[in-house]
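Working notes, structure below.
Only heavy atoms go into these numbers, but all of them, side chains included; no hydrogens, no water, no symmetry mates. Order of listing sets the numbers, starting from 1, for every ligand and every atom in it.
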Amino acid sequence: MASPSSTVVLSRHELDAVLFDLDGVVTRTARVHAAAWKRLFDAYLEGRARRTEGRFQPFTDEDYRRFVDGRPRLEGIRCFLESRGLSLPEGTPGDGPEAETVHGLGERKNAYFHEALAREGVEVYPPAVRLLEQIRAAGFRTAVVTSSRNGEAVLRAAGLEHLFDARVDGVEAGRLELPGKPAPDTFLEGARRLGVAPGRAAVLEDARSGVQAGRRGGFGCVIGVRRSGAEGALVKAGADVEVTELSSVGVEADLETRPMREVPLAMERREEWLRRMTGRVAVFLDYDGTLTPIVPVPEEAFLADSMRTTLEELARYVPVAIVSGRDLPMLKGFVKLQGLYFAGSHGFDIEGPGGRHFQQEEGKALLPELDAAERELTEALAGIPGAGVERKRFSVAVHWRHVEAARLPEVEQAVAGCQARHPKLTRSGGKKVFELRPGIDWHKGRAVEWLLKALGLEGEGVLPVFIGDDLTDEDAFRTLKGRGLGLVVRGDEERPTAADYALRDVEEVRRFLGVLIAHVGGAKR
Ligand SMILES: O=P(O)(O)OC[C@H]1O[C@H](O[C@H]2O[C@H](CO)[C@@H](O)[C@H](O)[C@H]2O)[C@H](O)[C@@H](O)[C@@H]1O
């Protein structure tokens, strides 16, 4: 959903994809690039002035914006030198950084850039990461389109690779001999790789040359992200709109999702979904916010006896699995029931009756990374009152429910920084919680698929039912879309959801399960 303060809204009804420039839009590396360029050209111009007894005119911010920013590296060198009436021999790609050639200067700039990167790491813009997560959840395809030949390395160092379906960087552009921005070709290649028409894609750019490229490519929407420079300069270059922060960009639900308030209440449509329960049913339930109300202290989310009795009765008739972000032992400790299946750590750690146990293999290989992340986050957040680190076997949660608003950015930065150091982990969110977990294609939806297979319930004639309340449950709703039943526990929240029906609260979950018991129990009796 678009927030009321959004300056611009990306709507799934109008657009299918969003193409992001990298440096300066998603990562703060534009600053690192600008500093490397300044170091390069100031030293070069000063040396040249000394040799020719001319006047030294330093490289300015305006030079950066007009001649270098957004362009491929060598193109930027040529363009800037030309603006000063200078030229250098081209040289060859094998030239070292000491060579006084266009290629040599390019190598020198790259060396300065890498020095700074190693020293300072890659910082991300948290609102950009949030926007990426939101638009992906809303069904947009995403690509990163950068002139940088370091695009892949920067993305990996920032731990953001998983947020893009396609990447066109300076290396790819060189291989395909595509002219750089302001020519539209790299953006057009990005759209082609995503399989979308340019008119159905938005471009997000901070550089004038990039904005021009978006405009020339006929993209559906060009958003200028002004990190520096004069107000209106990006609109003048061709942007439809200029924002200073990506938190001003709103997202409208995709065609599969809709605002929570538009989702019909399950208890008012029971005939509709009961009609679909002609064969076998399998029930998958989230824990926090679904079987228990959200409480201030995670360790105190105890299961009510009435809910336990309902689950116990339901499990007499159909397979029941609890699929939760919780650590597996803690989850079992809360539920205290035999005969159920439990999937902890967002589905990475599954256990069933009779000692059946599954742990996601690729996730297991990342346990040392999770151990390190837990240590680092515990240390980084020790001085922030209210911040809590909860370790689950396959994820680390950082709770911020009790952190004062002014200190929240510090928590976000600590999590983003930790993820940047551990790019194989991915970040997800939930109710006042950030989580780092293995960045692989595994989530609650995959766990449900795994369980259905393990239980021999894959085929037609089986209706999987998933009930959940939070963002991570959306993975399961999406996985089951069209072949199962997704029910979202609405509470007071308003966000897009892929669920088919809504339940008002935990108590209504219990009543829904009661209806189910009467239906499946009646059929069996
Ligand atoms: O997938 P779930 O079963 O819904 O688990 C999601 C997270 O739930 C817990 O945190 C949330 O519930 C707490 C208790 O109500 C609440 O205090 C916290 O603010 C919520 O984020 C749990 O602590 C996490 O580990 C789970 O990932």
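In the candidate list H399, K432, R437, H399 is nearest to atom 18 (C) of ligand 1, counting heavy atoms.
In terms of polar-atom proximity, V433 is not counted as a contact of ligand 1, lacking any N or O under 3.5 Å from an N or O of the ligand. For the pair D473 and ligand 1, the shortest N or O to N or O distance does not fall below 3.5 Å. Not one N or O of I294 is nearer than 3.5 Å to an N or O of ligand 1, by distance alone. Considering backbone and side-chain atoms together, T472 places no N or O closer than 3.5 Å to any N or O of ligand 1.
Nearest to atom 16 (C) of ligand 1 among the protein's heavy atoms is V295 O, 3.3 Å. Looking from atom 6 (C) of ligand 1 to the surrounding protein, the closest heavy atom is D288 OD2, 4.2 Å.
Residues T479 and R446 have side chains that never bring a donor and an acceptor to within less than 3.5 angstrom of each other. There is no side-chain donor-acceptor pair under 3.5 Å between E435 and S428.
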As a quick check of understanding, evaluate ring-ring contact (aromatic ring centres under 6.0 Å, His included) for W450 and F348, giving each step before the final call. CA-CA 10 Å; W450 187 91; F348 277 83; over 10 Å; no
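If you look at F358 and W442, their ring centroids are closer than 6.0 Å.
Distances shorter than 4.0 angstrom do not occur between any heavy atom of G289 and any atom of ligand 1.
When heavy-atom distances to ligand 1 are checked against a 4.0 Å cut-off, S395 has no atom that comes that close, whether in backbone or side chain. In E300, neither the side chain nor the backbone holds a heavy atom less than 4.0 Å from any atom of ligand 1.
For ligand 1, the atoms closer than 4.0 angstrom to any heavy atom of P296 are 17 (O). Proximity to Y287 (heavy-atom distance under 4.0 Å) selects the following atoms of ligand 1: 3 (O).
Cation-pi check for R200 over F219 is not met; the charged atom does not lie both under 6.0 angstrom from the ring centroid and within 45 degrees of its normal. Relative to the six-membered ring of F394, R437 misses at least one condition, a distance below 6.0 Å or an angle of at most 45° to the axis.
Aromatic ring pairs are classed by plane angle as parallel below 30°, tilted from 30° to 60° and perpendicular above 60°; the pair F284 and F466 is parallel. Using cut-offs of 30° and 60° for the angle between ring planes, the Y287 and F334 rings count as parallel.
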